[in-house]
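Only one structure is covered here, and it is reproduced in the block below.
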Amino acid sequence: MKDIIDKQIVELKKLWLNKRQLAFQALNLAMIVFSALMIWKGLMCVTKSESPVVVVLSGSMEPAFQRGDILFLDNSNPEVAVGDVVVFKIRDRDIPIVHRILKAHRKADGKVELLTKGDNNRVDDRGLYAPGQLWLEREDILGRAVGCLRYVGMVTIALNDYPVLKYVLVGMMGLFVLTSKEG
Amino acid sequence: SSSRQLSTSPALEILIPAGLKTSRRKMGKKKPSTSQPAAPAKKEEDSINVPDDDDAEDQEETEVLELIQVDTGDVVKVKQVLDEATVLAIHDAGIAEDHRWGNIKLAVMTVACLFAMVAQFAPVPFPESRPLLACCCCAYFLMSGVLQILISYVDADAIMVTLPPEGKESGLRIRTNQGRYDEHYVMAIEFDGMKDSPSVTQTWSVGKFFDENGFFDEYVSSQMLQVKSVNLYYHMSILEILFLLFVHFFSAYKLLKIVVRSFLFCIIVLNFSNYSILYDSK
């Protein structure tokens, strides 16, 4: 392991001498990172949701969604129905929650009031809402869950619990891309 | 002298006689010229004949060059080393490289990165910025496609394009090819941009430049060193045969590598956005 890193460092030193090649490799690395970012932004555009891919962090939606699942969200449909799994954010709190819609009332002026509950919870979410708030509105909903990838989100959870791992991983991948000469 | 040796295998060193010394960049590592006694013993076992003693005598004019070593099974790296040596040799011959297409590629990549940065750092909040984001994404992927076209069709297999040498109107284009798991390195030199240009093609076995341990001889010259040409062929183990089959059948391997890499970066990008982690209270 260590001599792989040493070899990469030797390659990096060699690269430093040739500025044109260094610029090329650095831009190559930037393009890879930006490709991921652009796919993310593209998904944001298409699904009209601020965070089109999210990771489930707790077990309140078991057995439908386990901790570590990745969910794909879609906010393009203005109608939400009872039984949809939605991600919502409570006003003045920054942590979003994923639960299922239990009740939906449409009032005379067209506004919709929603009540949510986690599948694995004993009571509905009124205890989680802001003090005095009994119902959610459509604006609080960030999107409906339309797809799921099991267990892949464990990587994100690990990266979040041990932030130093994030920097090590990004650093190593950056090093490998900078010194590889495939493109 | 043991402190100067590589940790894995003893370094192979050669003496560069004064006549061959040029000011160009060398691929191997240079060392101070005080290690003469150690060199001949190592060379014996690698089947290279030691040059004559009169070269060893003028110590103040010679340099010791530690040869670079590659894994002979890694065909990609072998081709890379040969390509780099070719570029250095052309520079030595006094012909300058033509950087036009290289600059165009760098410019395309920079424009793509600018679009990406605009998309990321524009001060417009989300729902209103949808048209801007859509434009930037399309522009980014368009630039990326243009770059791929440039790399695949304009560059193709050329490793170097030069400015016109003295007395000629067009520059040279040097193309090289080495088949996967093939020991033959084919080089073609022709005039760039000329229809039906005269061209020179030559094929070498890589054994002419590398020895069994993978040391790369930069200064192959029949005067100074005689290298026994070594045929590079593997006794393929079952594992290698299986790997070959895997790679041939899954020819989307390169695409898979790109997809896996982008996915990993997506996960990492997720971490830098605000809503990436969901939190539930029971």
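Numbers restart at 1 for each chain; the letters A, B, ... are given by sequence-line order, proteins then strands.
- Heavy atoms from other residues, nucleotides or ligands lying under 6.0 Å from CZ of B/Phe115 number 12 at most.
- The structure places CZ of A/Arg20 at 7.5 Å from CD of B/Glu97, a figure rounded to the nearest 0.5 Å.
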Handout entry: Intermediate values then yes/no, side-chain contact (heavy atoms from CB on, under 4.5 Å), B/Gln120 and A/Phe34
Key = CA-CA 10 Å; B/Gln120 171 66 11; A/Phe34 284 138; 5.9 Å; no
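- Between the side chain of B/Tyr140 and the main chain of A/Met31, a donor-acceptor pair closer than 3.5 Å is present.
- When each of B/Cys136, B/Ala116, B/Pro127 is scored by its heavy-atom pairs under 4.5 Å with chain A, the top score falls to B/Ala116.
- Interface summary for chain B: among A/Ser49, A/Gly127, A/Pro163, the most heavy-atom pairs under 4.5 angstrom belong to A/Ser49.
- Counting all heavy atoms, side chain and backbone alike, B/Phe126 lies closest to A/Glu50 at CD2-CG, 3.4 Å.
- The minimum heavy-atom distance between B/Ala134 and A/Cys45, with the atom names listed, is N-SG, 3.4 Å.
- Within a 6.0 Å sphere centred on CG of A/Asp109, other residues, nucleotides and ligands contribute more than 12 heavy atoms.
- Contact annotation for B/Ala119: both backbone and side-chain heavy atoms come within less than 4.5 Å of a heavy atom of chain A.
- Taken from OG in B/Ser129 to NZ in A/Lys41, the straight-line distance is 7.0 Å, to the nearest 0.5 Å.
- Distance check, rounded to the nearest 0.5 Å: CG of B/Leu133 to CH2 of A/Trp40 gives 12.5 Å.
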